[in-house]
Structures are given as C-alpha cells and as structure tokens.
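Here is the structure we will look at, set down as structure tokens.
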There are 2 protein chains.
Amino acid sequence: MVTRLSRWLIAMEQPILTAQGLSMWGYVVLTALDETPLRTQTALARTIGADKTRIIGVLDDLQQRGLIRREPDPADRRVHLLRLTPAGRRLHTKLRRAIRQEEDRLLNRLSVADRQVFLRVLQALDAQS
Amino acid sequence: MVTRLSRWLIAMEQPILTAQGLSMWGYVVLTALDETPLRTQTALARTIGADKTRIIGVLDDLQQRGLIRREPDPADRRVHLLRLTPAGRRLHTKLRRAIRQEEDRLLNRLSVADRQVFLRVLQALDAQS
DNA sequence: ATAGACCGTAAGCGCATGCATATGATTCCC
DNA sequence: GGGAATCATATGCATGCGCTTACGGTCTAT
C-alpha cells in the first residue's frame, strides 16, 4: 500500500515540478528553507533526510538558478549558510499552491471533515518522524 | 512530505520483516495473495505495482521457502498460477499483526476517531491509485 | 498455417541512493 | 601547539529499480 501510494503521489507532483524544471529534491529543499530560512547544508540535509554529499548538486543547481543563496558563515568559515532568494520564495509559493490544488482535486471525494483530519494527522506524523 | 512519510513507514516495517527474513516486496506479494488467492504473475505484478521481471526473484525465494506455490494453469500453459501455502498464510498473518501493532504504537497519540479516519482515507486513496 | 500477442524468464542500461572514503580548510578542546 | 572533529566537496561501490530487449513456448484470430 505504501509503495503504491507513494508512487501515485509522486506521480501527481512530478509534472508540476517538471514544468518548472525542478526536481523533487529541489522542491524539498525550497520547502525546508521556506520553513527555516537560514541553515547550514549539513543541517538541511539532516532535516530533509538527504545524503549531504548528494544534495550538493541540487544546491548547485538551485543556486545557479538564483533560487537560493549560499553565504559564508562569519562565525565558522567551514560553513555555508543557505537561504531562499525572493525568486526562490516566489517559485516555492507557486509550486506549493499548485500541488495543494492537485491534492485538493484528488481528495475532493472525501468529506471536508475527513480531509482535514487526514491532513492534520499527516502533519502530526511528519512532525514526529 | 511523501518522501519522508514513506521512509518513515518503511523504517517502521523493515525490522519486522527482516526478523522473518522477508523483503518488502516479499511481504507485499504475500499480502496481495492473501487478498486474492489465485493470480497469474503478470496480474500480481500489475496489482502491486512491481515490474514483472523484477519480482521473479522474489517469487523464486518465496516458493523456495514454501510460502507460495506456483502451479501451471491448465487453461493456458504459458501461465503460472500463484497461491499462498498454509505456511505463507500463517507468516503473513503474523507479520500483519506485528506491523499493525507497531502502527498502533506510533499512532497512539492520536484519538481513536482520528486514527480511524486516517486509516480509512489512506485505504480509499490507495484504492483509487 | 501463419502472424501477432502474451507469459515467464534472463539480462542490459542508466539512474538514484545509502554508505563510505578522502581531501583541504577550519574549529574546538586538551 | 597538536590532535581530533567538523564542513563542504568529490567520488567510489553496491544495490535497487524502471524500462527495455530478447527468447522459447503458448495462445488467439485470420
């Protein structure tokens, strides 16, 4: 069930992201930086459950597209601090809205109450993991 | 969200399955055969969203362990019909119970009502995917 | 009888991922 | 000051997976 559901949900999001030339991980990174606006790469990778070595390419790409900024941390020169640019924030907002719309479309056979419960529980489970 | 949730659910199930020397796909196959007791390999693969070429190893393993049976279909000699053995059914029941228990443990901070809604919605979404 | 489709099987290709190693630079602690 | 740890980076290895191709055998429709 999990496998199928995951794949199905991913298949739902994928076209939205692809249309903006963004990868899943790209979107995940933007989301994480939207939630916590300033982070080191290591912290980000840990938070999003990505391999820190593997997200470097993703970050390079996002940076090159002007969606995030990497700044040296004055307090520790080993560190880059990541933040969203205004363009990154705008794109993220747009994508999130589009994905929410698509989710709504897929959930619209549920009652409003059920839907709210489901999303709330998902959020709670996500927060706990 | 999807990625992390999937990973979390998988991380929950994995130790239970590993303890019985079963893979995720192994468990998925047992579940599918429990639900529909007699199926061709192609139908099974389609149902569980697996690649028909990739599940052959899984089926080989399950068969070797006496958990499933492959029988020629008298109506079509190209086809193997798959079914659970009693041992397969017993193992599946045991694993399903253990996984349910673990889910309950993880969901136990939710109200009973919320939990029921959540699982019901998950099921509905799965059915629609 | 023949052509095309299907079944199960084996294997190839490319990609993603988890994990590990190594590097240079930097920081922290003794 | 020196050693160990940490950061970001690059890269290797093994594995899994989606997709594809090919094969021998079988089935269906013409």
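Protein chains get the first letters and strands the later ones, always in sequence-line order, with residue 1 at the start of each. Note that the structure is predicted; figures quoted are calculated from it, not measured.
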remark   = Closest of C:dC19, D:dG25, C:dG8 to the A:R54 side chain is C:dC19

query = With a 4.5 Å heavy-atom cut-off, do B:T40 and B:D76 have their side chains touching?
reply = no

ask   = Is a donor-acceptor pair below 3.5 Å formed from side chain B:T53 to base C:dA11, judging by atom type as modelled?
value = yes

inquiry  = Does this structure show an ion pair linking A:D104 with A:R97, if we count only N-O contacts that are shorter than 4.0 Å?
reply    = no

message = To the closest 0.5 Å, what do you measure between NE2 (B:H80) and OG1 (B:T42)?
response = 10.5 Å

task = Go through C:dT9, C:dT27, D:dA8 for me and flag the one nearest to the B:I56 side chain.
result = C:dT9

key: Protein-nucleotide distance (A:R77, atom CZ; C:dC28, atom P), rounded to Å   = 12 Å

query = Closer to the 5' end of DNA chain C via nearest nucleotide, is it A:A75 or B:T42?
reply = B:T42

query = So which nucleotide from D:dC27, C:dC19, D:dC17 ends up closest to the side chain of B:W25?
reply = D:dC17

Minimum-distance nucleotide to A:D51 side chain [options: C:dC19, D:dA10, D:dC7] = C:dC19

inquiry  = Nearest whole Å is fine: how far is C:dT9 C1' from B:D60 CG?
reply    = 9 Å

remark   = B:K52 atom NZ is separated from C:dC6 atom C1', nearest whole Å, by 8 Å

ask   = For DNA chain D, whose closest nucleotide is more 5', that of A:R46 or that of B:R78?
value = A:R46

request  = Using whole Å, report how far CG of B:L44 lies from C1' of C:dT9.
outcome  = 16 Å

message = I want to check one thing: is the phosphate of C:dT9, taken as OP1 and OP2, less than 4.0 Å away from some side-chain N or O of B:R70?
response = yes

ask   = Could you give the NE2-to-P distance, from A:H80 to C:dT27, as a whole number of Å?
value = 12 Å

query = Given A:Y27, which of A:V58, A:L95, A:I16 fulfils the side-chain contact (heavy atoms from CB on, under 4.5 Å) condition?
reply = A:L95

